[in-house]
Amino acid sequence: MSRVAEGVSPLELADYQKAVRMVLRHPLITAAYPDTAALPAVRRWAEQLRTDLMDTLGYRLVTTADTARLQRVQDGLDPTRPAVTRAGRPFDRRRYAFLALAIAALGRHGTQVALGELAEAVAADAARIDGLGLDTARKADRDAFVDAVTWLTERGALGLADGSATAWAGDPERAEALYDIDREILTAIHHPTRVLQHLTSVTALLGTGSALSLSSGRAAQRRDQARRARRLVLENPVAYYHDADPGLVGQLRAPALTEDLERLTGLTVERRAEGVALVDTSGRLSDTRFPGGGTVAQAALLLGARISAAAQRTGRHAPELLSAPTAAERLAERARRIDGALPARGLLSELSGAVSGPQEPPSGYRPPADEDEPQAPCEPSPGPEEARHPFVTDSWLRGRLKEIIAEYGAGFAADLRADPDRLLDQALGLLAAMSLVTRVDGGALALPLLARYRGVTAQVRTRTSAPPPAEPRPAPTNDDTVKDPTP
């Protein structure tokens with residue numbers, strides 16, 4: 001029987017699970033973010049949350065009078081959860097750089113700062129970074145900087161005391177904004193678990209599976225693998241058996257995983273032949289709902305249905321079956337691209353010289369062996385045979401999207417309808433983020449989860465005398481309220 005939430009009465013379990021979902025959905029909670037009710041709800045259950053989140057997931061919850069900060073253990077590099085701008089667009093590299101420099105600059109100020117003064121401080125630091133720079137005379141730079149400041153404002157690290165950031169972005173010569181600085185929230189936002197100057201690879205930011213454990217015996221390794229398996233199910237739309245490290249497959253199949261996650265979150269764990277998923281029909285834990293509204297989501301759903309139908313063909317028209325890149329291979333490729341941006345010389349290189357030995361392999365993480373006890377390796381569960389998936393080419397995908405636009409484009413956003421390549425890229429990106437397809441050179445591979453949306457139908461609403469712009473309303477034959485369905 002699961003020991004999760006042992007101190008919570010049955011009558012209060014739903015409230016406790018709501019607090020769990022809140023802190024998992026928003027790793028930083030303040031008096032105003034994400035809303036005024038969140039922090040009191042989390043603080044009420046703080047002690048039980050600290051125990052369960054550590055024991056079940058290896059996450060550390062740090063609470064203060066004005067903040068609750070969840071320190072996650074990252075097992076991989078996840079490109080699907082970016083910071084977003086005021087318009088809801090993902091941050092680009094420039095915005096991330098301005099955000100980091102703004103946090104550093106605010107640490108050198110007192111209790112208040114003017115937006116123009118902060119921009120000057122960030123510009124001075126940005127000028128010392130090749131290829132960056134912040135020119136307040138350029139509207140694009142001001143907009144990017146204000147997006148970073150707004151991100152901090154939404155979380156309460158900055159509080160607008162006077163003026164308008166939007167007005168400043170429009171004309172800094174005639175407008176200004178004054179902010180109060182909340183140093184406690186600012187500290188909670190920037191809480192790295194590693195000394196960043198000592199890192200030689202982005203993989204050093206990832207958890208080792210026992211970063212919070214001092215022992216390295218067999219029992220500790222089993223506990224760490226159980227935590228990794230729970231994190232894999234919790235943090236991803238689906239955990240495919242074929243994609244998991246061999247040592248985790250047994251943990252993914254264990255009944256204890258289902259019991260612990262369901263009692264912790266109040267959600268349902270679904271098991272199928274290909275993998276495991278935590279199903280969130282409420283949308284209160286998921287950061288992305290699928291199917292969803294908007295041109296990209298609806299185009300992705302319709303395109304996914306066509307890919308799924310093609311994947312079911314047999315005989316001479318059956319698609320070619322190819323192997324998908326493994327999780328370890330995807331991690332290695334992402335790490336290579338990120339590490340390529342690290343400075344090749346200077347302070348970072350000098351400091352990192354103290355770090356000896358190669359980086360830990362991205363395919364798996366093991367705790368360091370105790371000096372007094374030889375490390376006992378976990379007994380890996382036998383993994384499944386290599387999975388092969390139906391392959392569709394880029395040209396085939398472009399043709400299917402052209403058909404979708406011709407049939408349903410009247411309800412699509414005009415800018416995306418006019419740029420099919422961009423719409424295709426965004427639609428495939430969404431399908432990949434939901435573990436429905438894997439993008440490979442020359443096309444995409446259909447993953448088992450995509451079969452859930454086979455047979456989707458849609459219609460475009462006809463306009464009456466004075467309607468708002470219509471959008472297509474996909475009506476999948478399966479339950480379209482499920483965000484994280486299983487294969």
Side-chain angles (χ1 to χ4, degrees), residues 57 74-81 206 209 225-258 260-262 265 267-280 285-288 290 300 304 307-308 310-312 319-334 362-365 380-392 428-440 443-454 478 482-487:
L57 301 168
Q74 290 293 120
D75 298 307
L77 302 175
D78 186 354
T80 67
R81 299 172 184 171
L206 303 180
Q225 285 193 325
R227 287 171 173 170
R228 284 189 61 202
R230 296 186 198 106
R231 293 196 296 263
L232 186 64
V233 175
L234 177 71
E235 300 285 2
N236 296 278
V238 61
Y240 289 117
Y241 296 134
H242 76 261
D243 203 31
D245 291 346
L248 298 184
V249 175
Q251 295 288 350
L252 290 173
R253 296 183 184 276
L257 180 141
T258 298
D260 290 342
L261 285 181
E262 289 188 343
T265 65
L267 305 181
T268 301
V269 173
E270 282 192 7
R271 294 182 180 275
R272 299 291 174 91
E274 299 86 355
V276 188
L278 189 65
V279 180
D280 178 16
L285 178 60
S286 308
D287 54 349
T288 302
F290 187 85
I307 297 173
S308 181
Q312 298 303 308
E320 184 180 4
L321 299 180
L322 301 178
S323 299
T326 66
E329 291 169 341
R330 295 195 301 272
L331 173 59
E333 173 60 19
R334 289 167 186 162
S363 59
Y365 305 95
S381 301
E385 296 182 1
E386 182 183 47
R388 300 174 70 83
H389 308 285
F391 172 71
V392 291
L428 287 174
L430 178 57
L431 292 174
M434 300 305 299
S435 299
L436 299 168
V437 304
T438 292
R439 303 182 72 173
V440 295
L445 301 178
L447 299 182
L449 180 59
L450 190 63
R452 188 150 188 156
Y453 299 102
R454 191 182 310 133
N478 302 292
V482 177
K483 182 269 183 186
D484 291 335
T486 55

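Along the sequence shown, the residues carry numbers beginning at 1. These values consider heavy atoms only, across backbone and side chains, with no hydrogens, waters or symmetry-generated copies.
Closest of all the heavy-atom pairs between Ser435 and Val238 is CB-CG1, 3.5 Å. Residues Pro325 and Thr438 come closest through the heavy atom pair CD-CG2, 3.8 Å. Between Tyr241 and Arg272, the shortest heavy-atom distance links the atoms CE1-O, 3.8 Å. Of all heavy-atom pairs between Val233 and Ala277, the closest is CG1-C, 4.2 Å. Across Tyr240 and Leu449, no two heavy atoms sit closer than the pair OH-CB, 3.0 Å.
With sequence neighbours left out, Thr80 forms a side-chain hydrogen bond (donor to acceptor under 3.5 Å, both in side chains) with Asp78. With sequence neighbours left out, Arg334 forms a salt bridge (charged side-chain N to carboxylate O under 4.0 Å, His left out) with no residue at all. Partners of Arg439 according to the salt bridge (charged side-chain N to carboxylate O under 4.0 Å, His left out) rule, which considers only residues two or more places apart in sequence or in another chain, are Asp425. Every residue two or more places apart in sequence or in another chain that forms a side-chain hydrogen bond (donor to acceptor under 3.5 Å, both in side chains) with Thr258 is listed here: Arg271. Thr326 pairs by the side-chain contact (heavy atoms from CB on, under 4.5 Å) definition with Asp243, Ala328, Glu329, not counting sequence neighbours. Listed by chain and residue number, Arg336, Arg337 satisfy the side-chain contact (heavy atoms from CB on, under 4.5 Å) test with Glu333 (two or more places apart in sequence, or in another chain). In this view, Glu320 satisfies the salt bridge (charged side-chain N to carboxylate O under 4.0 Å, His left out) rule with no residue, not counting sequence neighbours. For Thr265, the side-chain hydrogen bond (donor to acceptor under 3.5 Å, both in side chains) criterion is met by no residue, not counting sequence neighbours. Contacts of Ala446 classified as side-chain contact (heavy atoms from CB on, under 4.5 Å), with partners at least two apart in sequence or in another chain: Ile307, Ala311, Pro390, Leu450.
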| request: Give the C-alpha distance, both sets of side-chain angles, the deciding distance and a yes or no for side chain to side chain contact (heavy atoms under 4.5 Å, CB included) between Leu234 and Leu278. | output: CA-CA 6 Å; Leu234 177 71; Leu278 189 65; 3.7 Å; yes
| field | side chain to side chain contact (heavy atoms under 4.5 Å, CB included) between Leu322 and Val440, worked out | value | CA-CA 10 Å; Leu322 301 178; Val440 295; 5.5 Å; no
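When each of Leu431, Leu430, Leu447 is paired with Leu436, the side chain to side chain contact (heavy atoms under 4.5 Å, CB included) condition holds for Leu431 and for no other.
Taking CG of Leu248 as the start and CZ of Arg230 as the end, the distance is 11.5 Å to the nearest 0.5 Å. In this structure, CZ on Arg231 lies 11.5 Å from CG on Leu261, to the nearest 0.5 angstrom. The CG atom of Leu331 sits 10.0 Å away from atom CG of Asp75, with the distance rounded to the nearest 0.5 Å. Annotation: the span from Gln251 atom CD to Arg228 atom CZ amounts to 10.5 Å, rounded to 0.5 Å.
Classification of the Tyr453-Phe290 ring pair by plane angle, with boundaries at 30° and 60°, yields perpendicular.
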